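Just so you know, these numbers come straight off a predicted model, no measurement behind them.
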Amino acid sequence: MTRDPAHLLPSAEPVQLIDVHGKAVERERVRMPEAVDLVRAYGALVLGRRFNEQAYALVRQGRLAVYPSSAGQEACQIAAAQVLDTGDWLFPTYRDAVAVVARGVDPVEALALFRGDWHCGYDPYRHRVAPQATPLATQLLHAVGVAHAARLRHEPTVVLALCGDGATSEGDFAEALNFAAVFAAPVVFLVQNNEYAISVPLARQTAAPSLAHKGIGFGMPGERVDGNDAAALLAVLGSAVARARAGEGPQLVEAHTYRMQAHTNADDDGRYRSAAEVDAWVSRDPLTRLAAYLRAAGSLDDAAQVAFDTEAERVAAAVRASTAPKPDASLMFAHVFAEPTPQLREQAALVRDELSREVDV
């Protein structure tokens, strides 16, 4: 062992700084973030929730092909974006559009992927946000590569890679953690444990005490945090990013949260979970929790709430008013190989044939 095993163990209970009633919780060695940072996070949460609602509505209108809502787990994504510096990188999944927007990407551009376009819709290099990854865990390897390259170049860059609980069952997850730990890559892995990998509950995915414990086998410290507590997320992720930047290597953080809506608009979540189970998480909503704390602390008043709501509605209106040409399906095949392979030509022909049979309603 190259590390003290005790240093690798996550806390017995998820770190929490604000309880479900909006009351401060004393936590040894974990400080409450500054009020200005909490207010900033709350404003982003209000916008993120409204963005989720508007995107889901666009699916019902047929203007988006699909949208994996992050309603209920927005605090994870807002905190992930907020703890990074401008020169850092964020590697999101398909469910992390709120994090992408919080990082500065135009909300309209962030939805290009869900219209069925062949590209992510935004410039990853401008925003330091990788394309949202649909295949589970593949982005983790890319994130480690960017972090390792930054270390070799002696750059102060830190990479934060997002994934869900389902991704921890993939081989790419294990490979990414192992490489990051061996080479002390400045990367933070944030697992948003929302209890389900589509319809598969966590108990059918792992027998580990927690997902944060998975870091131990790779020599990587783990931590658990209340994923619906924005304050705790800012504190835990902020510390992990600071340690990575200081050359202390990677960390695995498990955020305990819950997906309040179906996996996507094509999913019937009533087949695998009860309405009572979902209702039990309503009181843990990250927005109402943080709002209650900020109001009690005198950091949020009616004027500020109106300002946040107004900005959220402005963004929702811009998303509603946006128009985009129908994606050209042929472009999916145009930039894969310099010389298309026989298999690629066959697939392109199949798509052309299927599209030719479509009848506009």
Side-chain angles (χ1 to χ4, degrees), residues 14-25 27 30-53 69-86 88 90 92 95-105 107 110 127-129 158 160 162 188 190 192 194 223 225-242 253-258 260 284-316:
V15 174
Q16 185 182 83
L17 294 179
I18 300 175
D19 68 16
V20 295
H21 305 294
K23 305 293 185 182
V25 176
R27 185 81 185 200
V30 183
R31 295 180 58 185
M32 180 73 74
E34 298 294 331
V36 63
D37 295 322
L38 293 176
V39 171
R40 176 188 170 194
Y42 178 71
L45 280 171
V46 172
L47 192 154
R49 177 63 57 84
R50 187 67 186 90
F51 177 80
N52 267 329
E53 293 170 349
S69 176
S70 61
Q73 56 189 88
E74 295 100 337
C76 297
Q77 301 185 24
I78 296 304
Q82 189 166 319
V83 298
L84 296 176
D85 288 346
T86 55
D88 296 334
L90 180 73
R95 197 178 300 282
D96 299 322
V98 168
V100 173
V101 172
R103 187 74 170 137
V105 173
H127 301 284
R128 298 268 176 150
V129 178
V158 173
L160 198 153
L162 297 161
V188 177
L190 174 59
Q192 297 176 78
N194 63 19
E223 186 54 284
V225 61
D226 184 337
N228 286 20
D229 179 358
L233 283 159
L234 288 172
V236 170
L237 291 175
S239 295
V241 167
V253 177
E254 176 189 5
H256 295 262
T257 184
Y258 195 78
M260 295 299 292
R284 308 180 198 182
D285 188 291
L287 272 78
T288 55
R289 181 189 301 196
L290 184 55
Y293 172 81
L294 291 174
R295 283 192 175 275
S299 301
L300 178 68
D301 56 20
D302 291 343
Q305 183 68 59
V306 169
F308 290 143
D309 290 340
T310 300
E311 174 60 13
E313 285 302 326
R314 183 195 68 78
V315 170

Per-pair distances, 0.1 Å, donor-acceptor, side chain in residues 292-302, under 3.5 Å, sequence neighbours excluded:
| from | atom 1 | to | atom 2 | distance (Å) |
| --- | --- | --- | --- | --- |
| Arg295 | NH1 | Asp302 | OD1 | 3.2 |
| Arg295 | NH2 | Asp302 | OD1 | 3.1 |
| Asp301 | OD1 | Ala303 | N | 3.3 |
| Asp301 | OD1 | Ala304 | N | 2.8 |

Check: How far apart are the C-alpha atoms of Asn228 and Asp285, what are their side-chain angles, what is the distance that settles it, and do they pass the side-chain contact (heavy atoms from CB on, under 4.5 Å) test?
Finding: CA-CA 6 Å; Asn228 286 20; Asp285 188 291; 6.0 Å; no
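- Note that CG of Asp96 and CG of Leu162 are 4.5 Å apart. Values are rounded to the nearest 0.5 Å.
- Using a 4.5 Å cut-off on side-chain heavy atoms (C-beta onward), Gln77 and Gln192 make contact.
- Residue Asp226 is tested with Arg284, His256, Arg289 for a side chain to side chain donor-acceptor pair (under 3.5 Å); the sole match is Arg289.
- Neither side chain, Thr257 nor Asn194, offers a donor N or O lying under 3.5 Å from an acceptor on the other.
- For Arg103, the salt bridge (Lys or Arg N to Asp or Glu O under 4.0 Å) criterion is met by no residue, not counting sequence neighbours.
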Next item on the list: Take Val315 and Arg50 through the test side-chain contact (heavy atoms from CB on, under 4.5 Å) and record every step on the way to the result.
Entry: CA-CA 8 Å; Val315 170; Arg50 187 67 186 90; over 6 Å; no
Note to self: side-chain contact (heavy atoms from CB on, under 4.5 Å), that's the test. Do Gln305 and Val46 meet it? Break it down for me.
What the structure shows: CA-CA 9 Å; Gln305 183 68 59; Val46 172; 4.2 Å; yes
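- Counting heavy atoms from C-beta outward, Ile18 and Met32 have side chains that approach closer than 4.5 Å.
- Applying the 6.0 Å contact sphere to CD of Glu313 captures more than 12 heavy atoms from other residues, nucleotides or ligands.
- With sequence neighbours left out, Ala97 forms a side-chain contact (heavy atoms from CB on, under 4.5 Å) with Phe51, Tyr67, Phe114, Gln132.
- Side-chain contact annotation: Asn52 with Ser70, donor-acceptor N/O pair under 3.5 Å present.
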